[in-house]
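Data block below; observations after.
As the structure is a prediction and not an experimental result, all values here were calculated from the model. Order of the sequence lines fixes the chain letters, A, B, ..., with proteins taken first and strands second; residue numbering starts at 1 for each chain.
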Protein chains: 2
Amino acid sequence: MQVQADETEKDVGAQVAARLATAIHEHRLAPGMKLSEDEVGEIFGVSRTVVRAALQRLAHLRLVDLKRNRGAFVAQPTVKEAREVFEARALLEPRTARSAAERITPTDTRILQRHIDDEHAALHAGDTGRALNLSGQFHIEIARIADQATIADFIAQLVSRSSLIIALYWQRRAALCESQAHHALIKAISAGDGARAEELMQSHLLDLLTSLDLRAHSSAPQSLREALGP
Amino acid sequence: MQVQADETEKDVGAQVAARLATAIHEHRLAPGMKLSEDEVGEIFGVSRTVVRAALQRLAHLRLVDLKRNRGAFVAQPTVKEAREVFEARALLEPRTARSAAERITPTDTRILQRHIDDEHAALHAGDTGRALNLSGQFHIEIARIADQATIADFIAQLVSRSSLIIALYWQRRAALCESQAHHALIKAISAGDGARAEELMQSHLLDLLTSLDLRAHSSAPQSLREALGP
DNA sequence: TGATCCAATTTTGTATACAATCTTGTTGCT
DNA sequence: AGCAACAAGATTGTATACAAAATTGGATCA
């Protein structure tokens, strides 16, 4: 198999990492799936060297779990990790949404609106994976508008992990509330209403968290001992 | 995660990364310094493969800057990045200190106290680099006590970058206020006074930020064109 | 003298080969 | 049959070799 590489991008390692990340975000790679170096390398037409670099990158983002002498696996966030991720998001995103509202420009508003539209279109087309991905990028875009690159990086990472958490712990029902909440957020941010934006983001994240089933291991247990023990 | 290497640890790549990180934290490697793969590899007695992995790791922590086909350099945070780092810390650390106060155990108190003591000893011995490093680990330890591994990782990264920021933008004076502030924090956290801990952390971070000279490029400009241009 | 082009050197990017480790299937013993 | 030790296979960890790119120094020419 050959890569259909973008001519503009020279860093193949980043490309491989990005394509793996997108596949994970869109739930085409399930949590726990093994990512063999040889296999991935053959799929993308690159050597193990660059695959390893890409996997290491994704490991830093906590999208894959690197086990020494065992290989790389799509991460399976535990319930505790899931709570931690949303705890971190609760600290970062509301205040960042407020900052974004205080700095937004008409151009930014258009960009945000297009994100929402794309998300809505994907959802309507039945491509929930892509819709979820776009939904996450909406959050990242807000941090970018707030002109906080460092916080934006953190949020990007948390959104990535949230995608895995949703894959593991999502309980069916309530799929549309997402774009509803995002629409309200856009309105507040575009209007420059920082206080309301902060408030909306806070409750939006709380909604997201409570829509998960974090009572127990929903799908796959982390260790066999834990799963089959007494 | 960034302690000096244990002999028990088998991951030599992590060891190299940790030793480089420590050297940066203690200001033995100055911002902007080039980290040649061959040179580093020879110093640590490993091949370029593991050096590259270590450098990639540090690049993800923003401790080194990886320029394609140019090599790795100790990062030189800009003034904007410096502000962003402290903005992120302001969002994360105060609330985390509050959580820590609500969960602290006597054992944790002892650990924190020993950190302070070590810091004080290093400062007294004139080893300001090590004192600074310990001072940072104090902040990370608080997040660990709060039982928030994800936030602790973020704070660890921000503390790392803060070390570089201090190397670049620190203006002499006020070296002791640090351990003063840390002592007050320990007292509040150990007493379980979350509100006060949050308050103290907030003002501590503000003190840190205002003790920097962020008006301009304190030491090294990012690009020659910018430095020598019209 | 000074500028431009070209070659030599150095350094990074990638692939491959070999070593170490883990998994797994088999064999032999009790 | 059940268990343990062992060996074969597969997969990752590391080193090295080669390719690509950038820097550097010198040579040529105006």
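- A straight line from CZ of A:Arg70 to C1' of C:dA20 spans 15 Å, rounded to a whole angstrom.
- In this structure, CD of A:Glu42 is placed 13 Å from P of C:dA15, rounded to the nearest angstrom.
- Here D:dA20 presents its C1' atom at 20 Å from NZ of B:Lys67, a figure rounded to the nearest Å.
- Defined by atom type and a distance below 3.5 Å, a donor-acceptor pair is present between the side-chain atoms of A:Ser162 and A:Arg89.
- For the residue pair B:Asp153/B:Thr150, the side-chain donor-acceptor check at 3.5 Å is not satisfied.
- Distance, A:Asn69 CG to C:dT21 P: 7 Å, rounded to whole Å.
- In terms of heavy atoms, B:Ala72 sits closest to B:Leu55 at CB-CD1, 3.8 Å.
- The side chain of A:Lys34 lies closest to D:dT12 when the candidates are C:dT14, C:dA15, D:dT12.
- We find that CD of B:Glu37 is positioned 13 Å from C1' of D:dA21, with the value rounded to whole Å.
- Note: CG (A:Leu66) to C1' (D:dT11) measures 13 Å, nearest angstrom.
- Rounded to the nearest 0.5 Å, atoms NE2 (A:His139) and CD1 (A:Ile155) are 9.0 Å apart.
- Of the side-chain N and O atoms in A:Ser47, one or more sit less than 4.0 angstrom from OP1 or OP2 of C:dA15.
- Regarding contacts with the backbone of C:dG13, a side-chain N or O of B:Arg52 is found under 4.0 angstrom from either OP1 or OP2.
- Checking C:dT12, D:dA15, D:dG13 against the side-chain heavy atoms of B:Asp38 singles out C:dT12 as nearest.
- Rounded to whole angstrom, the span from the CG atom of A:Leu35 across to the C1' atom of D:dT12 amounts to 14 Å.
- Within 4.0 Å (heavy atoms only), B:Arg68 reaches sugar-phosphate atoms of the nucleic acid but no base atom.
- Between A:Asp11 atom CG and D:dA21 atom C1' there is a gap of 14 Å when expressed in whole angstrom units.
- Checking the phosphate oxygens (OP1, OP2) of C:dA17, no side-chain nitrogen or oxygen of A:Arg48 falls inside 4.0 Å.
- Separation of the A:His115 and A:His182 ring centroids does not fall under the 6.0 Å cut-off.
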